[in-house]
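The figures here come from the full heavy-atom set of this structure, side chains too, leaving out hydrogens, waters and symmetry mates. Below, chains carry the letters A, B, ... as their sequence lines are ordered, and counting in each starts from 1.
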Amino acid sequence: MDSVQGLPESQHSPENPVTSFVTALHGIIPTLDRIRLFIEDSTGKIPQASKQLSSVATATEVATTEILDLLERSTQTLSDVETSVAKLKSISERQQLAGAALRALAASLPSTNGTSAWSEHVTAIEESNRDASTICEELAGFAKSAKDDIMSISIALQVQDITSQQIAGVSQVIESVREQLSKALSNFEHPIESLADATAPSLSVPKVFDHGASYDTSQDRQESADEIIKRWQQEGH
Amino acid sequence: MKFLVVDDSTTMRRIVINSLKSLGYEHVAEAADGKEAFQKLVAEGADFVITDWNMPEMSGLELTRAVRAHAQFADLPILMVTTRAFKEDVVEAMKARVNNYIIKPFTPQGLKEKIEQILKSTTAAA
């Protein structure tokens, strides 16, 4: 154990309570200094952590916007395809009517009535019209299926809103810890010089958010809410 | 039928609007918070409001109370679409007189059912 400077020799005795107290204080000072440095270090790192969270939220929002742009363009393209297919189907139907008229005309003309060449031509026209109509229906089905898939992707992007609320919640906790650490630092004789730098950065997260937001696709929570609403309505509110 | 979609998240507004369009509802206005929504409602009107809860300036709950306090909109259909899933939240929203409540993430089918339920009940009440 180090000798205690500045004390009368009589107080150097290990039995003396004042000496013990001063010695203990000397032992605590380095520890307190280490704690101060630790808090100083942690407080300095928090704004960086908040900035990183903010950049994650921003990047997610930008990516979501880009995906939505693409999905909306694709939906528009598919709508254009549906319109064109509908026009094609209409043309095909008109051609079917024309084919039937042609068959009737051929039957009424003495020069063509009963000749196999006419009949074969008309049959071929009618068949190709039927094929075109079937293909139009298939195309319309493909377009609808693709639009449904696009809608499912679009709906899944709700995850961006929910995770941004979760990030906002974490940021709030981090800011609260930073404030507490800053207060703790102010109790030391030499508070952190760069405390001004440790203020919270402005974050790209919602200012108002739900602490309990979660991306839960099960219908349990909705069913519980529906039950409450049902009871509420039955009670005649 | 004109819808007013209210949410501070641009992403959510686009998703709700796209869902409405996929259901055949083409006439849709939007607002980023309750205050803007109420101003739009008074200035331009709407037949159906779909609103988030947590928003700056004026929350969805405050918007609902403001709308219900306005004689012209006392019976306007309001659907709350929110992440808030606690029983107390649902009860608070019902007390504020929303017509129905959807928890995010929602499905287009779920949205369709709620809209139809609300329209059916408000038509029957009228």
Side-chain angles (χ1 to χ4, degrees), chain A residues 57 60-69 71-72 75-76 78-79 144 147-148 150-166 168-169 205-233 235 237, chain B residues 7-23 32-34 52-62 79-114 117-118 121:
Chain A
T60 311
E61 190 177 357
V62 168
T64 305
T65 301
E66 287 172 357
I67 294 168
L68 274 172
D69 288 345
L71 293 178
E72 286 170 5
T75 301
Q76 186 55 52
L78 286 167
S79 294
K144 187 186 179 308
K147 279 175 97 171
D148 289 346
I150 286 173
M151 182 49 65
S152 297
I153 297 168
S154 173
I155 287 295
L157 291 176
Q158 289 176 86
V159 71
Q160 187 270 325
D161 173 54
I162 294 167
T163 53
S164 71
Q165 293 193 55
Q166 290 170 332
V205 290
K207 291 181 179 67
V208 184
F209 57 92
D210 173 20
H211 287 272
S214 77
Y215 190 74
D216 180 357
T217 53
S218 75
Q219 286 300 298
D220 298 349
R221 299 184 310 163
Q222 185 62 51
E223 284 167 8
S224 299
D226 289 346
E227 192 56 39
I228 293 166
I229 293 164
K230 194 177 166 188
R231 266 187 280 137
W232 181 271
Q233 288 167 341
E235 287 166 12
H237 289 288
Chain B
D7 202 308
D8 56 329
S9 160
T10 312
T11 301
M12 278 310 304
R13 286 203 305 275
R14 286 176 73 174
I15 291 171
V16 174
I17 290 169
N18 288 345
S19 299
L20 287 171
K21 287 185 175 173
S22 80
L23 297 173
D33 58 56
D52 181 26
W53 184 319
N54 292 104
M55 292 181 292
E57 299 289 339
M58 183 191 267
S59 73
L61 204 66
E62 290 166 335
L79 174 61
M80 181 77 82
V81 182
T82 175
T83 54
R84 298 174 76 119
F86 289 114
K87 180 187 171 187
E88 297 76 19
D89 295 328
V90 182
V91 170
E92 199 175 351
M94 295 309 289
K95 279 182 183 170
R97 291 180 57 212
V98 300
N99 292 80
N100 220 314
Y101 196 95
I102 292 188
I103 295 166
K104 295 176 189 172
F106 69 87
T107 62
Q109 185 58 30
L111 183 67
K112 180 174 184 275
E113 284 172 11
K114 293 295 181 190
Q117 276 176 24
I118 292 173
S121 64

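- Looking at N99(B), the atoms closer than 4.5 Å to chain A (heavy atoms on both sides) all sit in the backbone: N, CA, C or O.
- For the options V159(A), L71(A), T217(A), T65(A), heavy-atom pairs under 4.5 Å to chain B are most numerous at T65(A).
- Interface residue Q160(A): only side-chain heavy atoms are found under 4.5 Å from chain B.
- The pair D161(A)-R13(B) does not meet the salt-bridge criterion, since no charged nitrogen lies less than 4.0 angstrom from a carboxylate oxygen.
- Looking at R221(A) and S214(A), their side chains come closer than 4.5 Å, going by heavy atoms from C-beta outward.
- If you check the side chains of S19(B) and K112(B), you find no donor sitting under 3.5 Å from an acceptor.
- Looking at D7(B) and R14(B), no side-chain N of the basic residue comes within less than 4.0 Å of a carboxylate O on the acidic one, giving no salt bridge.
- Looking at Q233(A), only its side chain comes within 4.5 Å of chain B, counting heavy atoms on both sides.
- Neither the backbone nor the side chain of D220(A) comes within contact range of chain B; no heavy atoms are under 4.5 Å apart.
- Taking a cutoff of 4.0 Å between a charged side-chain nitrogen and a carboxylate oxygen, D148(A) and K144(A) qualify as a salt bridge.
- Contact of M55(B) with chain A is made through the backbone alone, with heavy-atom distances under 4.5 Å.
- Residue I228(A) touches chain B through its side chain alone, counting heavy-atom pairs closer than 4.5 Å.
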From CA spacing to verdict: side chain to side chain contact (heavy atoms under 4.5 Å, CB included), D210(A), I162(A): CA-CA 9 Å; D210(A) 173 20; I162(A) 294 167; over 6 Å; no
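- Between the side chains of Q165(A) and N54(B), not a single donor N or O lies within less than 3.5 Å of an accepting N or O.
- Ranked by heavy-atom pairs shorter than 4.5 Å toward chain B, the options I150(A), T64(A), D69(A) are led by D69(A).
- For the options I229(A), T75(A), D226(A), heavy-atom pairs under 4.5 Å to chain B are most numerous at I229(A).
- Distance check: T107(B) OG1 to I102(B) CD1 gives 7.5 Å after rounding to the nearest 0.5 Å.
- Looking at K21(B), neither its backbone nor its side chain comes within 4.5 Å of chain A, counting heavy atoms on both sides.
- With a threshold of 4.5 angstrom between heavy atoms, S152(A) does not approach chain B through any atom at all.
- Using a 4.5 Å cut-off between heavy atoms, D8(B) contacts chain A through its side chain alone, with no backbone atom that close.
- Heavy-atom pairs under 4.5 Å with chain A were tallied for D89(B), T83(B), V90(B), T82(B); the largest tally goes to T83(B).
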F86(B)/E92(B) under side chain to side chain contact (heavy atoms under 4.5 Å, CB included): CA gap, chis, key distance, verdict: CA-CA 10 Å; F86(B) 289 114; E92(B) 199 175 351; over 6 Å; no
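- Proximity to chain B (any heavy atom under 4.5 Å) is shown, for S224(A), by neither the backbone nor the side chain.
- Considering only heavy atoms from C-beta on, V208(A) stays 4.5 Å or farther from D33(B) through its side chain.
- Interface summary for chain A: among P105(B), S9(B), G110(B), the most heavy-atom pairs under 4.5 angstrom belong to P105(B).
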